[in-house]
Amino acid sequence: DEEIHLLEAADDACTSVIVDSITCQQYICYSSTFQVPAFYFSLHGSSGAPLSLEIIAASPLFYASALPDSRRTTFALETSDSAFAMLSQGDHPTLNTPCWYLHPCHTAEVVDEIMREVACEEDGHGLRWLEAWFMMLGNVVDLRWGHECT
């Protein structure tokens with residue numbers, strides 16, 4: 001669990017709401033549907049209430065360039081070039097608690113493209129595949145987020 005301090009200002013017409021600390025829980029789960037790892041996370045304010053997608057998308061958890069211009073709904077961040085939402089809300093597959101997750105639909109094709117570029121041999125292929133996945137994930141999510149934040 002990581003904690004940071006955040007000031008949320010919805011817009012000039014609204015009163016600012018101070019969220020004094022945020023708890024971030026991050027998980028890696030296996031998607032049996034897509035047969036790849038998936039990144040799940042939850043962000044909660046000090047009251048225990050989950051944070052909105054607007055706050056999450058603007059948080060330092062995601063690199064700004066990683067979230068393209070997209071349509072935001074209450075429960076998803078959707079891009080026009082995919083049938084699946086990039087960021088969705090759903091239950092954690094084993095904890096059955098509400099979480100956000102990066103949809104794993106294109107994971108295999110992106111990581112396989114990286115693997116072709118490095119011409120990975122069969123020996124150690126699984127480990128190299130996971131390393132490539134973490135490299136890809138690390139370009140979207142700051143996995144160290146909160147470590148040095150105050």
Side-chain angles (χ1 to χ4, degrees), residues 1-9 18-79 81-121 123-150:
D1 293 355
E2 302 291 345
E3 290 188 6
I4 67 156
H5 301 283
L6 179 73
L7 173 65
E8 173 194 349
I18 297 176
V19 178
D20 58 335
S21 67
I22 295 175
T23 300
C24 177
Q25 296 174 310
Q26 301 175 5
Y27 311 94
I28 297 171
C29 302
Y30 183 74
S31 168
S32 56
T33 303
F34 294 97
Q35 299 183 348
V36 295
F39 179 73
Y40 283 75
F41 66 95
S42 64
L43 291 172
H44 296 84
S46 59
S47 68
L51 300 182
S52 70
L53 181 56
E54 275 309 305
I55 295 173
I56 290 170
S59 76
L61 177 63
F62 290 99
Y63 295 113
S65 61
L67 298 178
D69 290 333
S70 52
R71 188 171 77 93
R72 291 182 184 168
T73 67
T74 305
F75 300 103
L77 181 71
E78 302 170 342
T79 58
D81 62 343
S82 177
F84 296 98
M86 177 183 173
L87 182 62
S88 297
Q89 191 174 44
D91 287 341
H92 186 284
T94 57
L95 300 175
N96 292 320
T97 57
C99 282
W100 291 94
Y101 65 97
L102 293 175
H103 202 285
C105 61
H106 295 295
T107 299
E109 69 187 68
V110 172
V111 174
D112 288 346
E113 182 178 336
I114 294 168
M115 296 300 288
R116 282 191 300 276
E117 289 296 318
V118 297
C120 185
E121 299 173 12
D123 188 36
H125 178 78
L127 177 59
R128 299 286 291 175
W129 198 97
L130 278 175
E131 289 172 341
W133 179 75
F134 273 110
M135 181 183 72
M136 178 194 71
L137 180 63
N139 283 304
V140 176
V141 177
D142 183 354
L143 296 170
R144 300 168 299 137
W145 181 63
H147 179 67
E148 297 178 10
C149 296
T150 57

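Residue numbers start at 1 and run along the sequence shown.
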Let me see the working for Tyr101 and Gln89 under side-chain contact (heavy atoms from CB on, under 4.5 Å), right down to the final yes or no. CA-CA 6 Å; Tyr101 65 97; Gln89 191 174 44; 6.0 Å; no
Evaluate the side-chain contact (heavy atoms from CB on, under 4.5 Å) criterion for residues Phe134 and Ile28: first the C-alpha distance (whole Å), next the side-chain angles of each, then the deciding distance (0.1 Å), finally the verdict. CA-CA 10 Å; Phe134 273 110; Ile28 297 171; 3.3 Å; yes
Please test Val111 against Val36 for side-chain contact (heavy atoms from CB on, under 4.5 Å), starting from the C-alpha separation and ending with a verdict. CA-CA 10 Å; Val111 174; Val36 295; over 6 Å; no
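Annotation: side chain of Thr94 is not in contact with side chain of Tyr27 (no heavy-atom distance under 4.5 Å). Asp91 is not listed as a side-chain neighbour of Thr97, based on a closest heavy-atom distance of 4.5 Å or more.
When the side chain to side chain contact (heavy atoms under 4.5 Å, CB included) test is applied to Pro93, the partners found at least two apart in sequence or on another chain are Cys29, Tyr40.
Nearest heavy-atom pair across Phe34 and Pro104 is CD1-CG, 3.6 Å. Counting all heavy atoms, side chain and backbone alike, Trp129 lies closest to Pro37 at CZ3-CD, 3.4 Å. For Asn139 against Tyr63, the heavy-atom pair with the smallest separation is O-CD1, 3.6 Å. Between Ile56 and Leu51 the shortest heavy-atom distance is CD1-O, 3.5 Å.
The distance from atom CE of Met136 to atom CD1 of Ile114, rounded to the nearest 0.5 Å, is 6.5 Å. We find the CD-NE2 distance between Gln25 and His44 to be 6.5 Å, quoted to the nearest 0.5 Å. Between the CG atom in Asp142 and the OG atom in Ser59 there is a gap of 9.5 Å [rounded to 0.5 Å]. Atom CG of Leu143 is separated from atom CZ of Phe41 by 11.5 Å, given to the nearest 0.5 angstrom. With rounding to the nearest 0.5 Å, the separation of CG in Leu130 from NE2 in His125 is 9.5 Å.
Partner of Trp100 under the side-chain contact (heavy atoms from CB on, under 4.5 Å) criterion, chosen from Leu53, Leu61, Leu43: Leu53.
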